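All remarks here apply to the structure that follows.
As a basis for the values below, the full set of heavy atoms in this structure was taken, side chains included, without hydrogen atoms, waters or symmetry mates. On a predicted model such as this, the values are computed, not experimentally measured, just so you know.
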Amino acid sequence: MLEKIKESAQFLIDQLHIFPKIGIVLGSGLGGLVDHLEVIKEIPYSEIPNFPVSTVKGHRGSLVFGKMNQTDVVVMSGRFHYYEGYTMKEVTFPFHVLKEIGIEKLILSNAAGGMNPTFKVGDIMVIRDHINMMGNNPLLGPNDDRLGARFQEMSEAYSKKWIKLAHQTAHNLNIHLQEGVYVGVSGPCFETPAEYKAFHILGGDAVGMSTVPETIVARYRGMEVFALSVITDLGVVGVVEKVSHEEVLKAANEAGPKMVRLVYEMLPQL
Ligand code: HPA
């Protein structure tokens, strides 16, 4: 795998003039962040050797290098989901490549269903920790010690320093910021009322179908992680409503600008 990672990284390095230390993954409906990016170079996933190609509506599928608020960043516009049928290794391959081109800090965003009864649709939640309910793990299988540890420790998967900074920044911007535990599921079904209830009893505040594999590999490769969820629907006992992908995208698009402002303001301080 290291040879493949190096091949993909070299392909990018050969055409880059900037080498950002921060990577940002845009989740459902949060493509608006790209509008605030002074684009220097956009490279479609389809051109990058060994990269999977994204299939979901609303996910663009390219690496966009540029400057945002005086900070060099690379934005992953479009991610790979386990529910699309990719293996965990495919879902997380791009993060190995990001590490290889010099990324040290990763910002992840996603849409999630809220299970904490104090949450409302449109809220932003900073992820404090996660529970992996995907039934799989990207680090399963033989370990290449050149990449990371056989038994990855996960005591601070999400940087406490960044969570604190997020709260300070949100306060200054007058953005109401929730904090909680993200439960990662495979999908593609949304949860039954019993599942939402069970995940909440387990300690989850929001549930979604991404982020967990990416965080695991980012930690494995020594990157710091910061992640935000936009709450697009509620799976709160008594208020579980029928939810569709369209509604999730709509809610994410509406709350998007809030999340964009928060990330934008945080960038120069990271
Ligand atoms: N469940 C799982 N994934 C999701 C949800 C949800 O309710 N909302 C957005 N992504």
Kindly say whether Gly122 contributes a backbone atom to a donor-acceptor pair with the side chain of Lys258 at under 3.5 angstrom? yes

For Lys99, enumerate each residue passing the salt bridge (charged side-chain N to carboxylate O under 4.0 Å, His left out) test, keeping only those at least two apart in sequence or located in another chain. none

Closest non-hydrogen contact found for Asp129 with Ile127 is O-CG2, 3.3 Å

Pair listing, side chain to side chain donor-acceptor pair (under 3.5 Å) test, anchored in residues 65-76, at least two apart: Lys67-Asp72

Do Met154 and Ile216 come close enough that some side-chain heavy atom pair is under 4.5 Å? yes

Please check: side-chain N/O of Glu265 versus main-chain N/O of Leu262, any donor-acceptor pairing under 3.5 Å? no

Knowing that exactly one of Glu7, Lys4, Glu3 qualifies, which makes a side chain to side chain donor-acceptor pair (under 3.5 Å) with Asn50? Glu7

Counterpart residues, salt bridge (charged side-chain N to carboxylate O under 4.0 Å, His left out), relative to Glu179 (two or more places apart): Arg128

Counting N and O atoms only, with roles assigned by atom type, does the side chain of Thr211 sit under 3.5 Å from a partner on the main chain of Leu108, one being a donor and the other an acceptor? no

For a quick test of reading the model, state the closest non-hydrogen atom pair linking Thr232 to Val121 and the distance between them. O-CG1, 3.9 Å

Could you state the interatomic distance from CE (Met266) to CZ (Arg261), rounded to the nearest 0.5 Å? 14.0 Å

Around Asn172, counting heavy atoms of other residues, nucleotides and ligands shown, do more than 12 lie under 6.0 Å from its CG? yes

Looking at side-chain heavy atoms only, is the closest gap between Met223 and Lys105 below 4.5 Å? no

Trace of the side chain to side chain contact (heavy atoms under 4.5 Å, CB included) decision for Glu47 with Phe11: CA-CA 9 Å; Glu47 290 179 10; Phe11 172 85; 4.2 Å; yes

Could you tell me whether the side chain of Tyr182 and the main chain of Met125 form a donor-acceptor pair under 3.5 Å? no

Of all residues at least two apart in sequence or in a different chain, which pass the side chain to side chain donor-acceptor pair (under 3.5 Å) check with Glu247? Ser244

Which pair of heavy atoms, one from Val183 and one from Gly204, lies closest together, and at what distance? CG2-CA, 3.6 Å

Fit a plane to each ring of Tyr45 and Phe80, take the angle between them on a 0 to 90° scale, and name the class: parallel (under 30°), tilted (30 to 60°) or perpendicular (over 60°). tilted

Just jot down the ring-ring contact (aromatic ring centres under 6.0 Å, His included) partners of Phe199, sequence neighbours excluded, or say none. none

So, Asp14 and Gln10: side-chain donor and acceptor under 3.5 Å apart, yes or no? yes

Looking at side-chain heavy atoms only, is the closest gap between Asp233 and Tyr196 below 4.5 Å? yes

Using the side chain to side chain contact (heavy atoms under 4.5 Å, CB included) rule, take Leu165 and Thr169 through it: C-alpha gap first, then chi angles, then the decisive distance, then the call. CA-CA 6 Å; Leu165 177 65; Thr169 310; 3.8 Å; yes

State whether a side-chain donor-acceptor pair under 3.5 Å links Glu42 with Ser62. yes

Between Glu224 and Ser159, the two heavy atoms sitting closest are OE2-OG, 3.5 Å

Just jot down the salt bridge (charged side-chain N to carboxylate O under 4.0 Å, His left out) partners of Lys164, sequence neighbours excluded, or say none. none

Taking atom CZ of Phe65 and atom CG of Leu37, what is their separation to the nearest 0.5 Å? 11.0 Å

Side-chain heavy-atom pair Val75, Val73 within 4.5 angstrom cut-off: yes

Which side-chain N or O atoms in residues 138-150 pair as donor and acceptor under 3.5 Å with protein atoms at least two apart or in another chain?
residue	atom	partner	partner atom	Å
Asn143	OD1	Tyr220	OH	2.5
Asn143	ND2	Asp145	OD1	2.9
Asn143	ND2	Gly148	O	2.9
Asp144	OD1	Arg146	N	2.9
Asp144	OD1	Arg146	NE	3.0
Asp144	OD2	Arg146	NE	3.4
Asp144	OD2	Arg146	NH2	2.9
Arg150	NH1	Gly141	O	2.8
Arg150	NH2	Leu139	O	3.0
Arg150	NH2	Gly141	O	2.8

Is the shortest heavy-atom distance from the side chain of Asp123 to the side chain of His176 under 4.5 Å? yes

Pairs meeting criterion salt bridge (charged side-chain N to carboxylate O under 4.0 Å, His left out) with involvement of residues 130-142, two or more places apart: none

Should Leu270 and Ile22 count as side-chain neighbours, where that means a heavy-atom distance under 4.5 Å? yes

Between Leu98 and Met76, is any pair of side-chain heavy atoms under 4.5 Å apart? yes

Applying salt bridge (charged side-chain N to carboxylate O under 4.0 Å, His left out) to Glu100 and not counting sequence neighbours gives Lys6, Arg221

On a heavy-atom basis, the closest approach of Leu106 and Ala218 is CD2-CB, 3.6 Å

Gap separating the CD atom of Glu214 from the CZ atom of Arg79, nearest 0.5 angstrom: 4.0 Å

Angle class for the Tyr83/His81 ring planes (parallel below 30°, perpendicular above 60°, tilted otherwise)? parallel

Would you find a donor on one side and an acceptor on the other, under 3.5 Å apart, between the side chain of Gln15 and the backbone of Leu12? no

Contacts of Lys120 that satisfy side chain to side chain donor-acceptor pair (under 3.5 Å) - sequence neighbours left out: none

Ile48 and Ser8: which non-hydrogen atoms are nearest, and at how many Å? CG2-CB, 4.1 Å

Donor-acceptor pairs are to be reported for all side-chain atoms of residues 111-119 against protein atoms at under 3.5 Å, with residues two or more places apart or in another chain.
residue	atom	partner	partner atom	Å
Asn116	OD1	Thr118	N	2.8
Asn116	OD1	Thr118	OG1	2.8
Asn116	ND2	Asp205	OD1	3.0

Go through the steps for Val263 and Ile107 under the test side chain to side chain contact (heavy atoms under 4.5 Å, CB included), then give the verdict. CA-CA 8 Å; Val263 170; Ile107 299 176; 4.2 Å; yes

Enumerate the ring-ring contact (aromatic ring centres under 6.0 Å, His included) contacts for residues 145-173, please, sequence neighbours excluded, ordered by first and then second residue. His130-Tyr158, Trp162-Phe226

From CA spacing to verdict: side chain to side chain contact (heavy atoms under 4.5 Å, CB included), Leu267, Tyr264: CA-CA 6 Å; Leu267 277 178; Tyr264 184 89; 5.5 Å; no

Without swapping roles, check the side chain of Glu84 against the backbone of Tyr86 for a donor-acceptor pair under 3.5 Å. no

Any non-hydrogen side-chain atom of His96 less than 4.5 Å from a side-chain atom of Leu2? no

